[in-house]
Every structure is written in structure tokens, then in C-alpha cells.
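Reading through the C-alpha cells given below for one structure.
Atoms within each ligand, like the ligands themselves, are counted from 1 in listed order.
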Amino acid sequence: MKIVCIGGGPAGLYFALLMKKQGRHHDITVVERNKPYDTFGWGVVFSDQTMDHMRHWDPESAQEIQQAFNHWDDIELQFKGQVIRSGGHGFVGIGRKKMLNILQLRCEALGVKLLFEQDAASDLDFPDADLVIASDGINSNVRNRCPEVFKPDIVNRPNRYIWLGTHKQYDAFTFLFEKTEHGWFQAHIYKFDDQTATFIVECPEDVWLAHGLDQADQAESIAFCEKVFAANLQGERLMTNARHLRGSAWLNFQRVKCAQWSHFNGHSHVVLMGDSVHTAHFAIGSGTKLALEDAIELARQFKDQGDEVAHIPQVLKQYQALRAIDVIRLQNAAWNAMEWFEVCGQRYCDQLAPEQFMYSMLTRSQRISHENLRLRDKNWLEGYERWFAAQANLTAPVMAGHSAPNAVPPMFTPYRLRAITLKNRVVVSPMAQYKSVDGRVGDFHLMHLGARAMGGAALVFAEMTCTSADARITPGCPGLWNDAQQGDWKRIVDWVHQETDAKIALQIGHAGPKGSTCAPWQGAGSDHALPEGNWPLLSASAQAFLPNGQVPSAMTQQDMVRVKNDFVRTTQRAVQAGFDWLELHCAHGYLLSSFISPLTNHRQDAYGGTLENRLRYPLDIFTAVRAVWPAHLPMSVRISAHDWVEGGMTPDQATEVARAFKAAGADMIDCSSGQVSVQQKPVYGRMYQTPFADRIRQEVGIPTLAVGAISEADHVNSVIAAGRADLCAVARPHLANPAWTLTEAARIGYTAVKWPAPYQSGQPQLEAAFARERMLQSAGRGD
Ligand SMILES: Cc1cc2nc3c(=O)[nH]c(=O)nc-3n(C[C@H](O)[C@H](O)[C@H](O)COP(=O)(O)OP(=O)(O)OC[C@H]3O[C@@H](n4cnc5c(N)ncnc54)[C@H](O)[C@@H]3O)c2cc1C
Ligand SMILES: Cc1cc2nc3c(=O)[nH]c(=O)nc-3n(C[C@H](O)[C@H](O)[C@H](O)COP(=O)(O)O)c2cc1C
């Protein structure tokens, strides 16, 4: 095969050498526009795992790289005068120049032709090649020549960064954060040889502009960065080696992904590799890893499927199919990490104490969890757990046989809001059961809520409870508009208070346009109109939820007064029933949500149009309800923080919604999302709504409740410890297991939880079973 690699970066060189190694008969050329030892940048990092792959595929170059690399384990944060360090992170750093030189020499030794100082305008420059590898980097000519084929999706990110070097010695991956008069700057620093460290400086665009750095040349930029980080640099200089870049050398990160990775250009098969087809932000340090692993996978496919020209189409197809999955996973993690650094100035730097800031930074990609941190550095994590528990005013219990207090997992720290103290951070999320008759709750609800109150959660939410008969979603939904219903609820609340140490909350709501529908397992299913016995519906505007659904009437002033009074009366009854906590349901497309979202509110009056107007009625209700809800008891508001529809509510606006409810006296925002429009395209994943809770908590300064795909103690610990939310609501896992919290405590080996007295003989047995499981797992890992 005749192969030409356009671009002699890590991708092109590594693929060339692997293919030549696999078949000496291949005619392989790498065309590189730079001189052999001329490259931009300083050091790159990759993980121990990438090194293992390289050792397997080409021990010779891996050996050389291994001799040249610097390995280190620690991450150090220098922030607000504190230095915090945690270990076990396992990185490898090597000079980019050094690595390319090793790969170049290895290519030459194997017989790969290296053509330097040749600028390839296009893949069509090599018509006699069977295969052209477009390893020509982020600004790939080959990709840009055929956008209709490769369908690149390129996003320009808002932060500015400059890639510098220094001879100052660092013995850990170091992060510095410094505040200037215009905002925060951060530096990512890692050593890559005995004398040099990479020193990337980053800041938001507005901060960069405010300092006039758009007008600064490289020397001025360097002088500026030296001044900002003077306390750390202590007289050491910063350096650039990007003289080839014109102007300021401050860049914006571009996230690249492509729908198609290869095509036939009429003469040759052409395939993208490395940065030309995907990029990963330096916050996760894996662009080089991706480039090398692309090269490995393509070589592997040729090895497995045969390296004749006839096999190329199938090989390229399989290469994309396999690599695209890994790439998307890494890009998602890199995206979270990148966003963390983009918003840290407005969200974390001023808000979090250095200890929590460190935790938040280490878990920024949401790939590293609480238990991962324990595996990396148990001492540091336990120290942090103790610090966290102290913030929650909890003295860690001393366990038998221990002199120092044991660390308490953040999930099991108490939480106080107004006069209510919750024993831990787990909440049973409200879940409609559709088992009421005439809006009354009965034995089913006593069993359902009672079992969950015994199951270890600190707060148990009853399902959405409606303010009038016509406010119900289905005929099976509970209400609280008459004495009988009040008595039923009181029985449940009293039982929970008498038999458990859980608190119980009521969520009050009005179904609005989603009323008069079937239970999920009846008729046409959720959200579909009842086959008969429908009742008239109200909404912000006369718009049905489903395309052929029942059309509600747009609320009149009179309707608004009536519904507000219903909310107030229901609240008064909730007080009588003895609930500890009240939540106003302003999410999921129900009545109050229909006012907030522009997708469902098309009113022309004072209740439609701007967000301020759309919030007017929900805030009016909130204020009226808060006035009759006792001052010593907390009140939360559930919102849909994202409609997941173009033109709908966004997390930006949700922050404003939270601000408005905070000003009206809300204690906590319960951050759900979606269910407002059938057009929604949510992006699901572990803890997928937690970023909304995090943002609102930090930017608005109000406690938040995170919910959505939080299904393990490890998730709860990570969310709470990082300060992304104050509480975690867990819904579906509680359907499978009412004692979810007790079970999770045993699973992570936390034995200081109190089981209900009659159940206590089950506790040691479950704990022993999980202890055995953990032992087997750790033996399997070899720790
Ligand atoms: C600030 C910063 C820090 C980074 N830190 C890390 C890190 O710590 N760890 C990590 O893994 N990655 C890091 N990266 C990313 C990493 O540099 C790239 O992901 C990696 O180099 C991609 O390899 P590549 O071979 O695909 O492309 P490149 O390394 O960009 O190589 C492309 C090559 O093609 C050549 N070329 C381009 N066009 C032509 C043409 N028309 N004709 C001939 N030659 C051409 C270029 O000169 C270049 O040598 C960082 C990137 C930046 C910007
Ligand atoms: C059966 C069921 C009923 C639900 N009913 C309600 C409800 O009454 N009020 C509400 O705000 N959310 C309701 N939800 C949403 C949950 O409270 C929660 O936000 C959602 O299920 C995501 O959490 P999870 O991933 O832990 O299940 C319901 C969810 C389920 C599964």
C-alpha cells in the first residue's frame, strides 16, 4: 500500500511507524510543513493507561518515551493563600518536541519517508496514494476542503488561553488562581523535563479584553502573566515558543467533531486522524492520547482485517465506528472540565472555600467520583470529609477501636434549613402514584411513604398534591382541598413523625394543561386525555400539551384569583396536617410552569412576554402561600431549569427564575428539567441535571436540591461534597428499594446510620455482605 500522512504530529508519525512495522512492504511518507525539530508548544501529558497501550504496540518507541518522560502523582492547588495537595493521579509529561523527535527517529529507523518543510495544500496532491491520512491538526486543510463530506461541527469556546513555558521547578500538576481588578486568571502547570514546565494561562474573554490583552504582543502578554502570577513565580520568567503565531498568541479553544471521518476522493481513500477530526480541551489533557489511540486503532484494523487496498473501505468504517465511541466519551468529560474552568471565576472562586474548591476542581469532569478520589488518596479524602462534616457542625463519631474521629461521608452529614434539621442529604423525590380516589390518600400511601420514611432518607416528599379537583393530573391524583383529605394526610404525617426520624414534605401543584389525563398504565397512558369524564383545563395560554390533546383555556383574572385562593387554602391545610416542608411545583409543564416557559405562555398581558411578566403569576402564588406557611418551616420551589427545546427556557434563564424566587422568600430551588414540551431533546446521563443545581446554587446564592439519575451513594457524596447542591433527591431507585439510603450506607461501609429498631438485626448482616463484596473487589483490583 502507498500511504501518505499529511502532518507529522503525534497522529501522523505514530500511525506511519505502526503501519511500517506491520508491513515493511508498505510505502509510507509523512509530509510535514515544519522543520524536523521545529514545533510549537511545550509539554503534553497523558495517562499511565496510554503509556501501557504504547508499550504494547511499539515497545521500542515506548521505551524511549518512558526514559524521557516525567511521571508524577500529585495535584496541587494554590488558592487564596492556601496550598492543598492530593495524590494518586498518575500522569506522564513529556516535551512535545522530545516526543516528536523520538517518533521521527523511530519512523526513519523503520524506513518511513519523512518530508519536512512541505506544505500539502490538499489530499489531491497525492493522487497515486492508496490511503491519505489527514493528520494535519486542528486547522486541517483536508477536512476544510470537503466540509460537505466530513460535516465538521466546530465550536469556538469563550475563554482565552496562552501556552507558555517556565524553568521554575514544579513537583506536582499545579493550578494557580489569581484575582485581578477585572476578574480571575488561572494557570495550569506541569513539568515535562528536568528544567521545564508547561504554563498555560487562561481567563474569560471579558477579563482578557478588560486588561487590553487583545492589543498586547507576545512579550507584553508574557510580562502581564508574570505579574499576575508573581507570587508563585518568585522572579522566574515565562517563555513562549509560539513565535510562528502572529499577534497576541492568546487562543480560543475550538471543539471539533466530525460526522464522517473518511471518504474516497476519486484517487485515494482519505481518513482524518487526531486533532483534524476531534479535539479535547487541555483541561483534561488528552488530545495527544486521542491522536495516538486513533493511530493504534487504525493500525489494529489493518492487522485484523488485512492490509490490502481492497480492505481499506471496511477498515476505515470500523475505525470510525470504534473510535467515535471513545472520543465522544472523552469529549463529554473534557467538555465538563473545560466548562468548569470557563465559569470558575463567576461560579466557584469567590464562593467556595479552598478545600471545597479543590474538591470541585478534582471532580470537574464528573468522571472522577468520591470513591475514585478515595482510591487515589485516602488520607486527603478523609481529611476533606472531616473538614466538610465540621462545616455541617457535625463532630465525627468515634468508632470502636479508633482514636481519631472517623470521617463521615458527606451524604450523611446533617442539614439545617429554617427550624428543620435533616439527618442526612437524601430526599425521596416526589413521585405520583395515581392511587387516590376522590383526591384522598389511603393505606397505599401510608405504606408507600411510611416504608420510605423508614428507609433512611432524611426527607420524604409526598407526590404532587392538587389544590382542587380540576387541578389534578389524573383522577388518581391526591388533593388537599377538603377536611377528609386533610385527615388522611394527617394520619400519614403523624405516622412518619411517630415511627421514624424522617421529615415529610408536601409538594403542591396544579396540573394546568396536563390535567384530565390517564394514569401511565391506563387508557392511552401518561399525558393522554381521559377517554371520558374529562374536565375543563386551565393554562397560561390556550395550547394543548399533546398535538391532539385537550385544549385548555387561557386563564382569566378571575381564574387566577380562584386558583391562588385554592393554593392558599391547601397550604393552610398542609399546616394543619403537620407537614415539615412545602414545595411549590413550578416545573414539568403544569400550570405554573406553563406561565414560566415561553413555549407555553403566549399571553399579551402583564403575565406574558418578558421573563419578568411570565414569572408574575407563579411569584404571586408563591408569595401568597409563603405568607400562610409557617415562618419556621422551609419552602422550596421545583423548576424545569431547561426545556431542552430551541426557544424554550435555558439554564441561563433558570438562574433568573431562581433569583426571583429567592427574592420572594424561597429557601431552596429543586432543579429538575423538561417535560414542558413534546419537542424536548434532553441529554440524559448520570446526574444530568446536577449542573443546573450547581449553577443556581453558586450564582444565585440559594440552596439547591439536585435530582435526576442520582442513583448511588457515590453520586450523592460527589454532589454534596463538591457543593453542587445541598440535598439530593432520588426518585426511581426508591421505587425499587424503599430502604435505598440504608442499603447505600452499608454498600459504602458506613455503619453509623440508625436503622428502625425492629429492623436492626438486618443491619450487621447486610453490612457484612457488602464488606465481603468490597474485599473481593479490592482483591480483584490488586489493592
Ligand atoms: C495549550 C494546549 C495544551 C495542550 N496540552 C496537551 C496535553 O497536556 N496533553 C495532550 O495530550 N494534548 C495536549 N494538547 C493537544 C495536543 O497538542 C494535540 O491534541 C495533539 O498534538 C494532536 O496531535 P495531531 O497529530 O492530531 O495534531 P498536531 O500535533 O497538531 O500535528 C499536526 C501536524 O500537521 C502539520 N501540518 C498541518 N497542516 C499541514 C500541511 N498543510 N502540510 C504539512 N503539514 C501540515 C503541523 O505542522 C503539525 O506538525 C494541548 C493543546 C493545546 C493547544
Ligand atoms: C413514577 C414517577 C412519578 C413522578 N411524580 C412526580 C411528581 O409528582 N412531582 C414531581 O415533581 N416529579 C415527579 N417525578 C419526577 C421525579 O421526582 C424525579 O424528578 C425524576 O424521576 C428524576 O429522578 P430519578 O432519576 O431519581 O428518577 C416522578 C417520577 C416518577 C418516576
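For F69, the ring pair (Phe, Tyr, Trp, His ring centres under 6.0 Å) test picks out no residue, with sequence neighbours left out. Residues meeting the ring pair (Phe, Tyr, Trp, His ring centres under 6.0 Å) test with F661, sequence neighbours left out: F622. Scored by the side-chain hydrogen bond (donor to acceptor under 3.5 Å, both in side chains) test, S365 finds no partners at all (sequence neighbours excluded).
Residues H734 and S429 bring no donor and acceptor atom of their side chains to less than 3.5 Å of each other.
Using a 4.0 Å cut-off to heavy atoms of G274, the atoms of ligand 1 that qualify are 26 (O). Heavy-atom contacts of N34 reach the following atoms of ligand 1: 47 (O) (cutoff under 4.0 Å). Taking every non-hydrogen atom of N141 and a distance limit under 4.0 Å, the qualifying atoms of ligand 1 come out as 41 (N).
Contact analysis leaves F253 out of contact with ligand 1, as no non-hydrogen atom separation drops below 4.0 angstrom.
For F173 and H89, the gap between ring centers reaches or exceeds 6.0 Å. The aromatic ring centres of Y170 and W72 sit 6.0 Å or more apart.
Heavy atoms of A11 found under 4.0 angstrom from ligand 1 belong to the backbone as well as the side chain. No part of L290 comes within 4.0 Å of ligand 1, judged by heavy-atom distances.
Aromatic ring orientation, H642 versus W644: parallel (interplanar angle below 30°, classes split at 30° and 60°). Under the 30°/60° scheme for interplanar angles, the aromatic rings of W581 and F461 are found to stand perpendicular.
Sorted by chain then number, the residues whose non-hydrogen atoms approach ligand 2 to under 4.0 Å are S429, P430, M431, A432, M464, Q507, H585, H588, R638, V707, G708, A709, V730, A731, R732, P733.
For the pair R106 and D58, the salt-bridge criterion is met [side-chain N within less than 4.0 Å of a carboxylate O].
Residue contacts with ligand 1: R33 is placed with a nitrogen or oxygen under 3.5 Å of a nitrogen or oxygen of the ligand (distance criterion only).
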